[in-house]
Amino acid sequence: MADRLRGPRGSPVNRRLHAVRLGPRSLAALALTGAVGLVAFCWPFLAPPRSRLSAHAQDAPWLFAGLLLLLVAVVAATISESDLGPKAVAMLGVLAATGAALRPIGAGTAGLEPMFFLMVLSGRVLGPGFGFTLGSVTMFASALLTGGVGPWLPFQMLAMGWFTMGAGLLPGPVRLRGRAELLLLAVYGFLAAFAYGTVMNLAGWPFMGGGASGISFVAGDPVTANLARFVAYCTATSLGWDLGRALCTVVLTLALGPAVLRALRRATRRAAFETAVTFDGPGR
């Protein structure tokens, strides 16, 4: 059932409740972070062969990691300044803690990572602005929980932010319900799980030395040659893992999606994010 509010004459009105509304500054910060993020992930294919960036292939990921961490922090701060109220912060904390707790359950077992289905459903219900913040915060919290802090963390935060934000941008957020919505979310989760694994491969691939020359990045080589090596690298190292993640996301979305979506929408309606919190003074 769609979220229903009352119009000026008491007639029911369908609309989507937003935990975070993206203003001009938030959109600009997201666009900047997205552009820099694309360069940070894709620089092996964008840098000219004789550029200094290619000459420092082992150092570039570290530089981009520091830059991405700063940019993600700027986006989080900008979104929080725009419209991240106390109720949205509470919802963010609960979902981020749940996602962080889910991540270690299947870690190291054929890519079975149940946190991804929760990110898809949360982004769908709570919108793209909340989704980006939730994805980034969840990945940061899970890294602290599992000890997975390293130069790859900012890339993971950005990629998971994109992953969750994309679910909030899917069509039919108000009127599409039932099996059609579950199918849409399952298809998105399947494709986005592969996309997440691919972009994270881009983050770690330049770190490889020349020992695995058949699949490692070679600075100064033509784009086509490095692209062929990258495809071979993904196939050899992460295809099975990404498939496990994608199938796990689909199965959990179809099995638990209806109940989780109802719970999230009920909590969103009761929280009434768009209603300001007021405190009454002591009675006289």
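- Within the 4.5 Å cutoff, the side chain of Phe230 has heavy atoms near those of the Thr198 side chain.
- Here the side chain of Ser136 pairs no donor or acceptor atom with the backbone of Thr133 at under 3.5 angstrom.
- Pairing each heavy atom of Val94 with each of Thr98, the nearest pair is O-OG1, 2.8 Å.
- Rounded to the nearest 0.5 angstrom, Leu153 CG and Ser142 OG are separated by 8.0 Å.
- In this pair, Phe163 and Tyr196 present their aromatic rings perpendicular. The plane angle is above 60°, beyond the 30 to 60° band.
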Candidate pair Trp162 and Phe132, rule ring pair (Phe, Tyr, Trp, His ring centres under 6.0 Å), full reasoning: CA-CA 6 Å; Trp162 285 343; Phe132 183 87; 7.9 Å; no

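- Atom OG1 in Thr164 sits 14.5 Å away from atom CZ in Arg124 (nearest 0.5 Å).
- Pairing each heavy atom of Pro114 with each of Leu102, the nearest pair is CG-O, 3.4 Å.
- Both cation-pi conditions hold for Arg245 and Phe116: the charged atom is under 6.0 angstrom from the six-membered ring centre and inside a 45 degree cone around its axis.
- Here CG of Leu121 is found 8.5 Å from CD of Glu181. Values are rounded to the nearest 0.5 Å.
- Pairing each heavy atom of Ala246 with each of Ala193, the nearest pair is CA-CB, 3.6 Å.
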One pair to check against side-chain contact (heavy atoms from CB on, under 4.5 Å): Val187 and Leu183. What are the steps and the verdict? CA-CA 6 Å; Val187 170; Leu183 181 60; 4.2 Å; yes

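- No side-chain heavy atom of Leu243 sits under 4.5 Å from any side-chain heavy atom of Leu239.
- In this structure the side chain of Phe130 reaches within 4.5 angstrom of the side chain of Met91, judged on heavy atoms.
- We find the CE-CG distance between Met165 and Leu170 to be 11.5 Å, quoted to the nearest 0.5 Å.
- The backbone N or O of Arg229 lies less than 3.5 Å from no partner atom in the side chain of Trp205, so there is not a single donor-acceptor pair.
- Thr249 contributes atom OG1, which lies 9.0 Å from atom CZ of Phe117 (distance to the nearest 0.5 angstrom).
- By the rule that hydrophobic residues join a cluster once side-chain heavy atoms approach within less than 4.5 Å of another member, Val231 and Val199 end up as members of separate clusters.
- Remark: Tyr233 OH to Leu202 CG distance equals 9.5 Å, nearest 0.5 Å.
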For Leu126 and Leu134, run side-chain contact (heavy atoms from CB on, under 4.5 Å): C-alpha distance rounded to whole Å, both residues' side-chain angles, the deciding distance at 0.1 Å, then the answer. CA-CA 10 Å; Leu126 294 161; Leu134 174 63; 5.5 Å; no

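- Counting all heavy atoms, side chain and backbone alike, Ala186 lies closest to Leu254 at CB-CD2, 4.0 Å.
- Summarising the geometry of Asn201 relative to Ser238, their closest heavy-atom pair is ND2-OG, 2.7 Å, with the distance given to 0.1 Å.
- When all heavy atoms of Met115 and Thr138 are compared, the pair lying nearest together is CE-CG2, 3.5 Å.
- In the hydrophobic cluster analysis, where Ile, Leu, Val, Met, Phe, Trp and Tyr join through side-chain heavy atoms closer than 4.5 angstrom, Leu185 is grouped apart from Val251.
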Step by step, would you call Arg265 with Arg177 a side-chain contact (heavy atoms from CB on, under 4.5 Å)? CA-CA 12 Å; Arg265 285 177 172 134; Arg177 293 292 185 269; 3.2 Å; yes

Under 3.5 Å, which donor-acceptor pairs link side chains of residues 255-263 to any protein atom two or more places apart or in another chain?
none

